[in-house]
Amino acid sequence: MKQIIQSFKTGETVLEDVPAPKVKRGHLLIKTTRSLVSAGTERMLVEFGKANMLQKARQQPDRVKQVLAKIKTDGFKPTIQAVFNKLGQPLPLGYCNVGKVIAVGEGVTDFVTGDRVASNGPHAEYVCVPKNLCAHVPDNVTDEEAAFTVIGSIGLQGIRLCDPELGETIVVVGLGLIGLITAELLIASGCRVIGVDLDAGKVALAKKKGVLAINPATGVDVVKFVLENTDNIGADGVLITASAKSDDLISQAARMSRKRGRIILVGVIGLNISRAEFYEKELTFQVSCSYGPGRYDDNYEKGGNDYPLPFVRWTEQRNFKSVLQTIATGKLDVVSLITERIPLADFSKIYSNLSNKESIASVLEYPEESNGSDTILFQDGTFKPGNGGIGIIGAGNFTSMTMLPLLSELDAPLISIASATGLTGTTLAKKYKIAKSTTDYTSLINDPAVELVMITTRHNEHAHMVVESLKAGKHVFVEKPLAINRQELDDILAVYDGSKTLTVGFNRRFSPHMQRVKQLLGDVQMNVIATMNAGNIPANVWVHDMKVGGGRIMGEACHYMDLITFLTGSKIKTVCMSAMGLNPQINTDNASILLHYENGSTGVINYFANGSKAYSKERIEVYAQEQTLITDNFRLTEGFGIRGFTKLKTNVDKGHNAQFKQLLERLKNGGHPLIPFDEIVNTTKAGFAAIESLTKHEWVAVHS
């Protein structure tokens with residue numbers, strides 16, 4: 001299928017061939033008929049992409065600080081590589097989509113195939129969208145009219161926050177696409193609307209819609225005009241839908257408001273607010289968030305869990321429906337806002353002229369016939385069974401920033417990559433000369449030329465993909481964790497027979513620092529303290545969801561359980577975990593874990609998310625037989641009391657390269673598993689035991 005994407009690195013906008021997405025649980029698969037180009041939003045993205053590195057840095061000072069902090073802890077080279085990898089990732093453009101439902105995911109009951117729907121899908125021939133971000137299109141609303149649904153909801157949410165009453169005077173600052181729709185919706189609500197814009201054409205169009213519109217460029221004093229037209233009372237509310245870098249608009253909004261007036265920001269402006277201007281009038285100010293309640297809440301959007309209507313009357317989906325209903329009743333005229341209608345193939349006519357101020361809304365028209373294949377071939381199938389072909393499921397940050405660069409350097413025989421949307425996988429396939437990009441991971445697993453399946457998806461998908469791969473007779477590499485609950489582990493144990501290898505991405509044991517520590521100490525009783533200064537991750541990120549990420553202890557602290565097992569040469573016997581807080585929860589990221597090993601060794605894992613990022617992220621301390629070894633961030637290992645060894649210094653090396661190199665050698669030549677399977681199982685069970693220990697407040701045995 002065809003999809004419009006943009007490069008953050010170069011700013012180039014292209015129509016890319018990517019595999020069509022597969023329908024997912026709680027989602028709709030939609031064949032697009034129309035989509036709307038939001039000139040304001042998309043122009044900002046394109047202009048940012050075209051900016052040079054210095055200009056990009058000036059626009060994002062907070063990101064620059066993050067980069068500088070990362071250089072201090074991880075070094076210059078890996079940090080710069082991470083930055084360029086991030087900039088190289090494509091950005092799908094568009095969020096105003098209309099089409100016909102061609103498949104309905106499990107758990108969806110409100111939609112059926114054949115329904116016409118509006119959604120926030122991108123500019124692509126096929127889109128897979130969560131059900132709560134879709135709305136039925138009324139029969140008397142055309143597809144091009146329905147394409148205004150999502151952008152109309154942005155204006156509507158601003159109005160809802162302003163809470164206007166019949167007869168009030170509301171000022172709309174900025175009469176672009178969102179501003180014009182906002183003004184017309186306010187008029188439909190019985191408000192008197194004053195519009196402000198510097199473009200004469202937009203002011204003229206607003207006047208036709210019944211707006212008292214003015215252009216400050218003609219010499220009109222906006223504040224005086226508003227006061228004169230409100231009997232010197234001032235506006236009841238001001239909705240700012242403009243985009244500007246200066247603080248002038250927020251000051252102007254305050255001065256034109258009545259006492260206790262409301263100011264709502266929908267656009268993007270400077271926000272150096274004068275306390276005096278707001279204090280004297282007791283003004284309220286609020287920033288509007290996109291389409292309405294539910295936005296950026298994964299539980300609502302991706303999980304499909306609606307907010308109860310009696311308590312949250314207007315969600316983003318219900319705002320979608322309101323806009324469509326207003327169009328259907330004729331109270332919102334969006335056809336007059338259409339500047340041009342362009343076939344998808346001619347998209348460049350729009351994107352090469354986004355700075356055209358005369359353009360308000362551009363509608364993309366999609367062909368009736370299109371290629372909906374879930375796989376794209378970039379070269380003939382030159383790989384044959386027996387050549388150690390590799391298929392990768394997952395195209396996220398770990399795959400793009402760590403795995404593929406290293407596998408490419410090692411000349412790994414990469415055959416296929418599967419990703420949910422098809423876009424990221426296709427970009428990586430082109431960059432690393434991978435033969436196939438697909439959205440159907442099962443076709444990758446069942447490909448005879450694929451002998452090793454590498455899984456880097458979200459944690460809740462690991463176990464069932466491991467099971468499917470083992471059943472298909474494949475060797476498997478899966479990023480940690482192997483499983484996030486006991487049932488998933490049992491499912492794997494039920495199919496694993498040892499005929500194929502199963503490797504988990506416990507890379508730290510392969511670091512040259514840990515290899516040297518092991519060599520120096522050998523198999524002796526030891527005490528190991530491992531500290532991860534993990535850093536804070538916002539609570540709404542998927543890793544904290546126990547059903548998706550399994551929590552950070554299962555998802556990340558397992559690295560250290562495996563590492564200490566490697567160093568001690570023994571398996572974990574009992575576990576005790578304590579977490580910070582008066583009432584610690586199992587979903588914690590500030591905890592200390594005590595491990596007791598079968599050979600008498602002990603381990604302490606401090607996994608903390610409340611430390612400074614300026615401090616090293618990882619520190620390993622090993623004490624044994626009057627000897628001490630300290631490893632700092634896998635860059636420096638120092639020895640104390642060890643004859644012939646003082647220190648080992650390298651670039652940050654957490655063992656990824658060595659692990660992948662040995663994995664490829666085993667795939668080609670055979671040999672013992674990289675990590676004994678019983679150790680992998682022991683580590684996984686120890687993670688479960690740690691969570692159980694927190695709930696029981698006692699030591700928990702790790703049963704074999």
Side-chain angles (χ1 to χ4, degrees), residues 459 462-463 478-490 492-493 504-509 514 518 523-534 543-544 546 549-610 618-624 675-704:
H459 301 165
H462 287 186
V478 59
E479 248 307 285
K480 49 77 193 163
L482 175 63
I484 61 174
N485 58 58
R486 296 180 188 276
Q487 183 59 58
E488 289 183 350
L489 179 60
D490 289 343
I492 293 171
L493 294 174
V504 177
F506 295 137
N507 51 279
R508 282 162 177 76
R509 64 161 63 198
M514 294 300 98
K518 178 71 173 176
D523 291 326
V524 297
Q525 284 188 352
M526 63 182 71
N527 298 313
V528 184
I529 302 173
T531 299
M532 182 173 283
N533 178 31
V543 294
H544 291 296
M546 296 301 285
R552 296 183 80 181
I553 299 302
M554 279 303 303
E556 294 180 7
C558 58
H559 262 311
Y560 280 164
M561 293 181 182
D562 172 79
L563 177 57
I564 300 174
T565 292
F566 168 71
L567 293 174
T568 60
S570 182
K571 285 187 284 192
I572 302 168
K573 184 178 180 180
T574 54
V575 180
C576 181
M577 182 165 77
S578 176
M580 187 176 72
L582 297 176
N583 296 294
Q585 303 295 312
I586 61 171
N587 189 8
T588 180
D589 57 2
N590 279 291
S592 292
I593 306 169
L594 305 181
L595 307 173
H596 192 263
Y597 280 82
E598 291 176 352
N599 70 353
S601 296
T602 68
V604 178
I605 298 173
N606 295 314
Y607 188 93
F608 301 147
N610 59 352
E618 302 185 53
R619 180 181 176 88
I620 317 295
E621 303 174 32
V622 184
Y623 303 84
I675 305 174
F677 185 66
D678 60 344
E679 291 185 10
I680 292 174
V681 174
N682 178 253
T683 295
T684 305
K685 288 183 176 180
F688 301 151
I691 302 300
E692 183 180 347
S693 168
L694 190 61
T695 61
K696 291 184 175 180
H697 307 289
E698 62 185 23
W699 284 84
V700 174
V702 181
H703 299 288
S704 59

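- The main-chain N or O of M577 is found under 3.5 Å from a side-chain atom of S693 such that the two form a donor-acceptor pair.
- At least one side-chain heavy atom of I593 sits under 4.5 Å from a side-chain heavy atom of M561.
- Residues passing the side-chain hydrogen bond (donor to acceptor under 3.5 Å, both in side chains) test with Y607 are R552, E556, sequence neighbours excluded.
- How far CE of M546 is from CD1 of I586: 4.0 Å, rounded to the nearest 0.5 Å.
- Here D562 pairs with R509 in a salt bridge; the nearest charged N to carboxylate O distance falls below 4.0 Å.
- Residues satisfying the salt bridge (charged side-chain N to carboxylate O under 4.0 Å, His left out) criterion with E621, sequence neighbours excluded, are R619.
- The distance from the CD1 atom of I564 to the CG atom of L595 is 5.5 Å, given to the nearest 0.5 Å.
- Shown here are the ring-ring contact (aromatic ring centres under 6.0 Å, His included) partners of F677, two or more places apart in sequence or in another chain: Y496.
- Legend: residues meeting ring-ring contact (aromatic ring centres under 6.0 Å, His included) with H459, ordered by chain and number and at least two apart, are H462, W542.
- Here the CG-NZ distance, from D678 to K685, works out to 10.5 Å after rounding to the nearest 0.5 Å.
- Here the side chains of T565 and F506 are not in contact, with every heavy-atom distance at 4.5 Å or above.
- Closest approach of V702 to A689, counting heavy atoms only: CG2-CB, 4.0 Å.
- Residue M554 comes nearest to F688 through the heavy atom pair CE-CE2, 3.4 Å, listed as atom of the first residue, atom of the second, then distance.
- Side-chain atoms of E618 and Y560, non-hydrogen and from C-beta on, do get closer than 4.5 Å to each other.
- In this structure, the side chains of W699 and L594 come closer than 4.5 Å at one or more pairs of heavy atoms.
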#### Entry: Check against side chain to side chain contact (heavy atoms under 4.5 Å, CB included), H544 and D589
CA-CA 9 Å; H544 291 296; D589 57 2; 3.4 Å; yes
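- For K518, the salt bridge (charged side-chain N to carboxylate O under 4.0 Å, His left out) partners are D523, not counting sequence neighbours.
- Listed for the K480 side chain is a donor-acceptor partner under 3.5 Å among the backbone atoms of G555.
- A 4.5 Å side-chain heavy-atom check between T588 and M580 finds every atom pair outside the cut-off.
- In this structure, the side chains of R508 and I620 stay at 4.5 Å or more apart for every pair of heavy atoms.
- Judged by distance alone, the side chain of S570 and the main-chain N or O of E598 form a donor-acceptor pair under 3.5 Å.
- For the pair E488 (side chain) and I484 (backbone), a donor-acceptor distance under 3.5 Å is present.
- Here OG1 of T695 is found 11.0 Å from CD of Q585. Values are rounded to the nearest 0.5 Å.
- In this structure, OG1 on T684 lies 4.5 Å from CG on L482, to the nearest 0.5 angstrom.
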For residues 524-532, tabulate all N or O donor-acceptor pairs below 3.5 Å that involve a side-chain atom, not counting sequence neighbours.
unit_1	atom_1	unit_2	atom_2	d
Q525	NE2	N599	O	2.9
N527	OD1	T602	OG1	2.6
T531	OG1	N606	ND2	3.4

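- A distance-only check finds no donor-acceptor pair linking the side chain of T683 to the backbone of I680 [under 3.5 Å].
- Considering CD1 of I572 and NE2 of H596, their distance stands at 12.0 Å, rounded to 0.5 Å.
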